[in-house]
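Data first, discussion second: the structure below is written as structure tokens.
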Amino acid sequence: MKVIDFKENIDYSSLKMLSKCIKNGGVIVFPTETVYGIGANALDEKAVDRIYKIKGRNKAKPLIVLVNDIDMLNSIVENVNDIHKKLIENFWPGALTIIFEKKDILPDNVTGGLSTVGVRIPGNEIVMQLICNAGVPITAPSANISGRLSIVDAKVVYGELRDKVDYIVDGGVTGIGIESTIVKVENGIVKILRKGKIQKEDIEKIGLQVQIDEKCTNENHYMIDKELVMITEGKTKFNEKINSFLSLSENENKKIGVISSDEYYERLDLKVDKYINIGEDYDNILKNIFSILNDANNTDIDIFFTQSFENNENGNVIMDKIREVKNIKII
Ligand code: TXA
Ligand code: MG
């Protein structure tokens, strides 16, 4: 495994080598506009199989595929309709993954046996160059072991996947910091299957009808090793609720961590072993939410308390992401 540093600029001889690797069945980690992805040639069944093995992923869970233009899209999907086109015009390149009917050229293992495939043109120069040079669509599930947090920093990917992949391309910290929004179009309606930075209102603004699909669970899938407790009802109850939670006998002698801004933290009258100050800027918190959770995970703390977030655009996305942690308690 080798790390390729594209943080400052893309080096074209390395890019050629990476593209060759992809074409020959290799597996490469790269940044996208959302989080780091793990890529193989989506047309190569064996290479795709490697991705499932590396991630320890259930074979029935389909992979997302990235393309660099509409011709490549048309080579792998059919029945692109006017609503799809409107979504594409407004949101690509960018963090909206759209579900299409797949063509036979895509091996069945890419889509976990489904007849549909999720595709997007990514808004990240490095991965776009990689696809252009390789000339093939590239898979991009998140670059983490199945069930773990998504990753926004190549250093963290290195810790998790270094023994398993051929190359890790370091493009710095990813821009958006959470995974893409996933939609499918059904009976003229855009249905959101996974929430992300692009929200219902953003899609409504371009004149389309949008629903959150009833199957949109944003599954509780991130396993973290710590207890995580989210305190609702704002600042005024923060201290009281944490203290009453800690008064339960099972919580005696636990090491306590807090994830919040100073405004919350200053209200506490208990001994805190680790404070992760996330500041007040919701844009910044959203961008860093996986790093924050990852930092919490890498401590010797037993239980982390986190503040909740206001009911606004970014606040809701942050809440959605934290709720996806498998063992979260909300009190
Ligand atoms: O932002 C992202 O989308 C990142 C970057 C790296 O591309 N990738 C990502 O992939 O989040 P992954 O594998 O962690 O999540 C993909 C999600 C899964 O929940 C999967 O079930 C869903 O996409 N998915 C993929 N193809 C689908 C399909 N044909 N129908 C319904 N859901 C699909
Ligand atoms: Mg994932």
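Not measured: the values here are computed from a predicted model. For ligands, and for the atoms within them, numbers begin at 1 and follow the listed sequence. Numbers for residues simply follow the sequence, beginning at 1.
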| Rounded distance [0.5 Å steps], CG in Asp225 versus CG in Asp302 | 11.5 Å
| said: Would you compute the distance between atom OG of Ser142 and atom CZ of Arg57 and round it to the nearest 0.5 angstrom? | reply: 6.5 Å
| task | For atom 29 (N) of ligand 1, grab the closest protein heavy atom and report residue, atom and distance to one decimal in Å. | result | Thr116 OG1, 3.0 Å
| Are Asp273 and Lys255 ion-paired here, with the side-chain N under 4.0 Å from a carboxylate O? | no
| request: Measure the distance from atom 9 (C) of ligand 1 to every protein heavy atom, then report the residue, atom name and distance (to 0.1 Å) of the closest one. | output: Ser142 N, 3.5 Å
| query | Is the NZ atom of Lys241 crowded by more than 12 outside heavy atoms at less than 6.0 Å? | reply | yes
| message | Pairs of nitrogen or oxygen atoms closer than 3.5 Å, one from Lys61 and one from ligand 1: do any exist? | response | no
| task | Could you identify which residues cluster with Leu270, counting Ile, Leu, Val, Met, Phe, Trp and Tyr as linked when any side-chain heavy atoms lie under 4.5 Å apart, either directly or through a chain of such contacts? | result | Val229, Ile231, Phe238, Ile242, Phe245, Leu246, Ile256, Val258, Tyr264, Tyr265, Leu268, Val272, Tyr275, Ile303, Phe305, Ile331
| Any N or O of Tyr36 closer than 3.5 Å to N or O of ligand 1 | no
| said: With a heavy-atom distance limit of 4.0 Å, tell me whether Thr111 approaches ligand 1 through its side chain, its backbone, both, or neither. | reply: neither
| Verdict with reasoning, Phe30 to Phe6, per ring pair (Phe, Tyr, Trp, His ring centres under 6.0 Å) | CA-CA 10 Å; Phe30 47 75; Phe6 281 176; over 10 Å; no
| remark: For Pro141, the ligand 1 atoms with a heavy-atom partner under 4.0 Å come out as 6 (C), 8 (N), 10 (O), 12 (P), 13 (O)
| field | Asn314 vs Lys197, side-chain contact (heavy atoms from CB on, under 4.5 Å): CA-CA, chis, key distance, verdict | value | CA-CA 8 Å; Asn314 280 338; Lys197 176 100 171 156; 3.6 Å; yes
| Yes or no on side-chain contact (heavy atoms from CB on, under 4.5 Å) for Leu293 and Leu228, after CA distance, side-chain angles and deciding distance? | CA-CA 10 Å; Leu293 293 170; Leu228 182 65; 4.2 Å; yes
| request: Would you mind running through ligand 1 and noting each atom that sits below 4.0 Å from a heavy atom of Val117? | output: 29 (N)
| task | Apply the test salt bridge (Lys or Arg N to Asp or Glu O under 4.0 Å) to residues Lys237 and Glu240: give CA-CA distance (whole Å), side-chain angles for both, the deciding distance (0.1 Å), then the verdict. | result | CA-CA 5 Å; Lys237 293 280 177 73; Glu240 181 191 326; 5.3 Å; no
| task | Show which atoms of ligand 1 fall inside a sub-4.0 Å distance from at least one heavy-atom site of Gly37. | result | 6 (C)
| remark: Of Pro62, Gly118, Ser115, the residue with the heavy atom nearest atom 33 (C) of ligand 1 is Pro62
| message | I'd like the name of whichever of Ser180, Gly112, Gly196 reaches closest to atom 2 (C) of ligand 1 through any heavy atom. | response | Ser180
| task | Please confirm whether Thr32 comes within less than 3.5 Å of ligand 1 when only nitrogen or oxygen atoms on both sides are compared. | result | no
| request: Would you mind checking which non-hydrogen protein atom is closest to atom 7 (O) of ligand 1, with the distance to 0.1 Å? | output: Ala140 O, 2.9 Å
| Atoms of ligand 1, numbered as shown, that sit under 4.0 Å from any heavy atom of Glu179 | 1 (O), 2 (C), 11 (O)
| For ligand 1, which atoms, with element, lie under 4.0 Å from some heavy atom of Ile182? | 17 (C), 22 (C), 23 (O)
| query | For ligand 1, which atoms have a heavy atom of Val35 less than 4.0 angstrom away? | reply | 4 (C), 6 (C)
| request: Please could you name the atoms of ligand 1 that Thr34 approaches to less than 4.0 Å, counting only its heavy atoms? | output: 1 (O), 2 (C), 4 (C), 5 (C)
| Identity and separation of the nearest protein heavy atom to atom 19 (O) of ligand 1 | Glu219 OE2, 3.6 Å
| Part of Ile99 within contact of ligand 1 (heavy atoms, under 4.0 Å) | side chain
| query | Under 4.0 angstrom from ligand 1, any heavy atom of Lys184? | reply | no
| task | Run through the protein N/O/S atoms less than 2.8 Å from the Mg ion (ligand 2) and write them out by chain and number. | result | Ser142 OG
| said: Tell me the nearest of Glu101, His221, Arg194 to atom 11 (O) of ligand 1, using heavy-atom distances. | reply: Arg194
| task | Quick one: do Glu33 and Ser180 satisfy side-chain contact (heavy atoms from CB on, under 4.5 Å)? Show the steps, please. | result | CA-CA 9 Å; Glu33 76 280 42; Ser180 60; 5.9 Å; no
| query | Just distances here: any N/O of Lys55 and N/O of ligand 1 closer than 3.5 Å? | reply | no
| query | Looking at ligand 1, does any of its N/O atoms fall within less than 3.5 Å of an N/O of Leu114? | reply | no
| message | Any donor-acceptor pair under 3.5 Å linking the side-chain atoms of Lys61 with those of Asn58? | response | no
